[in-house]
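Structure, as structure tokens:
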2 protein chains.
Amino acid sequence: MINKEEFRRKIIISAGQIFSRYGFKKTTMDEIAKALKMGKSSIYYYFESKENIFEAVVLHEANILRNELTTAIKSVESPLDKMKSYVFVRMKAFEKLSNYYNAIFDKNLDHFDFIETIREKYDREELAILRLILYDGAKKKVFNVTNSEYTAMAIQTTLKGLEVPLFWKKKEEHIEKRLNAILDVLFYGIVNNH
Amino acid sequence: MINKEEFRRKIIISAGQIFSRYGFKKTTMDEIAKALKMGKSSIYYYFESKENIFEAVVLHEANILRNELTTAIKSVESPLDKMKSYVFVRMKAFEKLSNYYNAIFDKNLDHFDFIETIREKYDREELAILRLILYDGAKKKVFNVTNSEYTAMAIQTTLKGLEVPLFWKKKEEHIEKRLNAILDVLFYGIVNNH
DNA sequence: CGAATTATCGACCAATTCATTCGAAGGCTT
DNA sequence: AAGCCTTCGAATGAATTGGTCGATAATTCG
């Protein structure tokens, strides 16, 4: 009812929850359908395939993350706080993302080349944001960086390193504590402690 | 190597992690084998079947919970604190247990009759513990209960109600807060506020 | 050593699962 | 009632999966 696009959105939300919990492979169309209280075949009226839904979900998730990040840096003033909250929010998001990875790594990751596309675009955006924060911070003498472009890349690489699911495996550890520790390490070499 | 029983234990631990994450159905023998870095068929040297492993895992998990609960009530003195920490630890354990449920509920739960056996024994034990704490608390005028047997059953029923996975579905909510709220409600009618 | 026992593995199988298709049909608008 | 939009049950063919079996290392023991 209502609107086709509206319903597609509903499917994305619902399927997204299941995907994020069980990953691509372990999520069945039956489950997605059941969660939506509809017949399995009905879903094919809105999406071509399971992969198609997955793509929409990942895209949607990426947008959410982007919004979270932009609001995170908007809500604070100083470059240091901007950088802190950006890195913090992004790292926390990996907990969610790692669940997607978990099942994708299973096999033919190359099949999901749309992820590569999203990632590239996303990486460029992120680099620009980081560079900007660093540049501003350097100007205000909060950061001790001479080449913001270069340092931004270094930070991004660090963040990327945290993306591997391995990092999130041990659920027992308190994630917050770990993130804070990394934040400390990351800033120790950046902040200008005059 | 080492010992057959030792290795069975290794399998139980390793498989337990996967089961608790994905549930019975979504966990494959290949995954269990891979996690143990061994061939799938080798596992059948230690266990008869997948169900068999699952049974051992649940049994193991039940023992862990029992230990946690007994140490929880041993570590405090007053009946009120005993009751608080017992209920709290038990409720937190359900988060883990709900994952097992999640996949069992799928279909033929009746096939896992060993769970029924564990449960019954476990329930009896729990009832005895609760009754004891209540009785002691009543004697010390901390609790306002006349029939500890009866009240223990009421508390156990309340706890059981929380076991349904439905309760844990919405991951966003802060579980701790919710548990504390329930604890409050639970005690409001019990504690003797003279 | 060499025989017996213990432990591991790859190849295979039958049963099941799963994504996807398709035609029928319900329901809504005009 | 005609034409669309939407839903669904049944069917299907390919892939997955729990479990088996015989071969064969690896280890123990006389």
Side-chain angles (χ1 to χ4, degrees), chain A residues 1-19 21-58 100 102-112 114, chain B residues 1-19 21-58 100 102-112 114:
Chain A
M1 334 179 171
I2 326 175
N3 184 346
K4 192 163 175 179
E5 209 48 45
E6 190 76 24
F7 211 100
R8 277 176 57 95
R9 197 180 166 74
K10 263 202 175 70
I11 294 176
I12 290 171
I13 303 292
S14 185
Q17 289 173 351
I18 308 177
F19 277 132
R21 165 137 198 198
Y22 295 116
F24 180 78
K25 204 184 163 209
K26 281 187 193 295
T27 299
T28 70
M29 292 299 283
D30 274 305
E31 284 170 316
I32 296 175
K34 202 168 168 185
L36 287 157
K37 294 187 211 300
M38 68 193 312
K40 179 171 48 167
S41 40
S42 302
I43 293 180
Y44 286 88
Y45 178 70
Y46 297 96
F47 286 96
E48 268 190 11
S49 66
K50 186 183 168 187
E51 277 187 33
N52 227 286
I53 302 176
F54 187 63
E55 177 171 349
V57 165
V58 173
Y100 289 101
N102 204 301
I104 294 179
F105 275 148
D106 237 19
K107 275 193 186 174
N108 45 343
L109 175 56
D110 19 306
H111 213 288
F112 297 99
F114 69 88
Chain B
M1 335 178 171
I2 326 173
N3 185 344
K4 193 165 179 180
E5 208 48 45
E6 191 75 24
F7 211 99
R8 278 176 57 96
R9 196 180 167 75
K10 264 203 174 68
I11 295 176
I12 290 171
I13 302 292
S14 185
Q17 289 173 351
I18 309 176
F19 276 133
R21 165 138 200 197
Y22 295 117
F24 179 78
K25 206 185 160 207
K26 280 187 193 297
T27 299
T28 70
M29 291 299 284
D30 275 305
E31 282 172 315
I32 295 174
K34 202 168 170 185
L36 287 157
K37 294 185 210 304
M38 67 193 313
K40 175 172 56 165
S41 37
S42 301
I43 293 180
Y44 285 89
Y45 179 70
Y46 297 96
F47 286 94
E48 267 190 11
S49 66
K50 187 183 168 189
E51 278 187 34
N52 226 286
I53 301 176
F54 187 63
E55 176 171 348
V57 165
V58 172
Y100 289 100
N102 203 301
I104 294 178
F105 274 147
D106 239 18
K107 274 192 187 174
N108 44 343
L109 174 55
D110 19 307
H111 211 288
F112 297 100
F114 69 88

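Just so you know, these numbers use all the heavy atoms, side chains as well, and skip hydrogens, waters and symmetry mates. Quick caveat, the model's predicted, so the values are computed rather than measured.
- Between atom CD1 of residue A/Ile12 and atom OH of residue A/Tyr46 there is a gap of 12.5 Å, rounded to the nearest 0.5 Å.
- Qualifying side chain to side chain contact (heavy atoms under 4.5 Å, CB included) partners for A/Ser49, counting only residues two or more places apart in sequence or in other chains: A/Glu51, A/Asn52.
- In the set D/dC8, D/dT6, C/dC9, the nucleotide with an atom closest to the side chain of B/Met38 is C/dC9.
- Taking the side-chain hydrogen bond (donor to acceptor under 3.5 Å, both in side chains) definition, one finds that B/Ser14 meets it with nothing, sequence neighbours left out.
- Distance CZ (A/Phe7) to P (D/dC5): 17 Å, rounded to an integer number of Å.
- With sequence neighbours excluded, the residues that form a side-chain hydrogen bond (donor to acceptor under 3.5 Å, both in side chains) with A/Thr28 are A/Glu31.
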Atom pairs, protein N/O to nucleotides 27-29 of chain C N/O, distance under 3.5 Å:
none

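- Straight-line distance from the CD1 atom of B/Ile53 to the P atom of D/dG18: 10 Å, rounded to whole Å.
- Look at OH on B/Tyr45: it is 19 Å from P on D/dT24, rounded to the nearest Å.
- How far OH of A/Tyr45 is from CE of A/Met38: 10.5 Å, rounded to the nearest 0.5 Å.
- Rounded to the nearest 0.5 Å, atoms CD1 (A/Ile13) and CD (A/Gln17) are 7.5 Å apart.
- The closest side-chain heavy-atom distance from B/Ile53 to B/Met29 is below 4.5 Å.
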All N/O contacts under 3.5 Å from nucleotides 18-24 of chain C to the protein, with atom names and distances to one decimal?
| residue | atom | partner | partner atom | Å |
| --- | --- | --- | --- | --- |
| C/dA19 | OP1 | A/Thr27 | O | 3.2 |
| C/dA19 | OP1 | A/Lys50 | NZ | 3.0 |
| C/dA19 | OP2 | A/Met29 | N | 2.8 |
| C/dA19 | N7 | A/Lys40 | NZ | 3.3 |
| C/dT20 | OP2 | A/Tyr44 | OH | 3.0 |
| C/dT20 | OP2 | A/Lys50 | N | 2.7 |
| C/dT20 | O4 | A/Lys40 | NZ | 3.3 |

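- For B/Lys34 and D/dT17, the NZ to P distance is 11 Å, given to the nearest whole Å.
- When side chains are defined from C-beta on, A/Phe19 does not count as touching A/Val58, because their heavy atoms never get closer than 4.5 Å.
- Remark: P of D/dT28 and CG of B/Asn3 are 12 Å apart, rounded to the nearest angstrom.
- When rounded to the nearest whole Å, the span between CD of B/Glu5 and C1' of C/dA7 equals 15 Å.
- A/Arg9 meets the side chain to side chain contact (heavy atoms under 4.5 Å, CB included) test with A/His60; sequence neighbours excluded.
- Atom C1' of nucleotide C/dA7 and atom CG of B/Leu36 are separated by 14 Å, given to the nearest angstrom.
- Nucleotide D/dC5 holds its P atom 16 Å from the CZ atom of A/Arg8, rounded to whole Å.
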